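The next block holds one structure in the form of structure tokens; read it before the comments.
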Amino acid sequence: MEVTLDAGGRIRSASLAAGSGTLSLDREALAVLRRAQPLPAPPPERLVAGQIRIVLPIHFDLNQAG
């Protein structure tokens, strides 16, 4: 996921950096981020124009019982 956060850790934009090949998993990856808001505030020294762009790996393990 490519995510842009504001200084408070709120998501300003999110998109798939690379799809999983399964539409439902791709949708869930975006939904996970929305449910997790606000994320921890980024370090102020890393902000550019009040925002930070990061790439977050999201991994789904469909073989694990649980």
Side-chain angles (χ1 to χ4, degrees):
M1 302 294 305
E2 291 185 25
V3 183
T4 301
L5 300 175
D6 67 12
R10 290 176 296 277
I11 296 171
R12 293 296 167 216
S13 67
S15 62
L16 295 172
S20 68
T22 303
L23 183 59
S24 59
L25 292 178
D26 294 345
R27 287 181 180 160
E28 183 58 21
L30 288 165
V32 163
L33 286 174
R34 288 188 192 100
R35 289 192 304 266
Q37 290 189 90
L39 298 169
E45 64 272 10
R46 303 280 296 175
L47 297 175
V48 175
Q51 303 184 117
I52 187 172
R53 188 175 145 257
I54 58 175
V55 176
L56 291 172
I58 296 182
H59 174 79
F60 292 102
D61 186 349
L62 302 179
N63 296 316
Q64 183 176 352

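Quick caveat: nothing in here was measured; it's all calculated off a predicted structure.
With sequence neighbours left out, Asp26 forms a salt bridge (charged side-chain N to carboxylate O under 4.0 Å, His left out) with no residue at all.
Shortest non-hydrogen contact noted between Pro42 and Gly9 is CD-N, 4.0 Å. Here the closest non-hydrogen pair linking Ala14 and Ile11 is CB-CG2, 4.1 Å. When all heavy atoms of Gly8 and Pro38 are compared, the pair lying nearest together is O-CB, 4.0 Å.
The CG atom of Leu39 sits 10.0 Å away from the CG atom of Asp6 when rounded to the nearest 0.5 Å.
The closest side-chain heavy-atom distance from Ser13 to Val3 is not below 4.5 Å. No side-chain heavy atom of Leu5 sits less than 4.5 Å from a side-chain heavy atom of Arg10.
Met1 is not connected to Val32 by any chain of hydrophobic side-chain contacts under 4.5 Å among Ile, Leu, Val, Met, Phe, Trp and Tyr, and they are in different clusters. With hydrophobic clusters built from ILVMFWY side chains whose heavy atoms lie under 4.5 angstrom apart, Ile58 shares a cluster with Leu62.
Pairs passing the side-chain hydrogen bond (donor to acceptor under 3.5 Å, both in side chains) check and including a residue from residues 40-56, sequence neighbours excluded, read Glu2-Arg53.
Salt bridge status for Arg35 with Glu28: present, with a side-chain N to carboxylate O gap under 4.0 Å.
A donor-acceptor contact shorter than 3.5 Å links the side chain of Ser20 to the backbone of Thr22.
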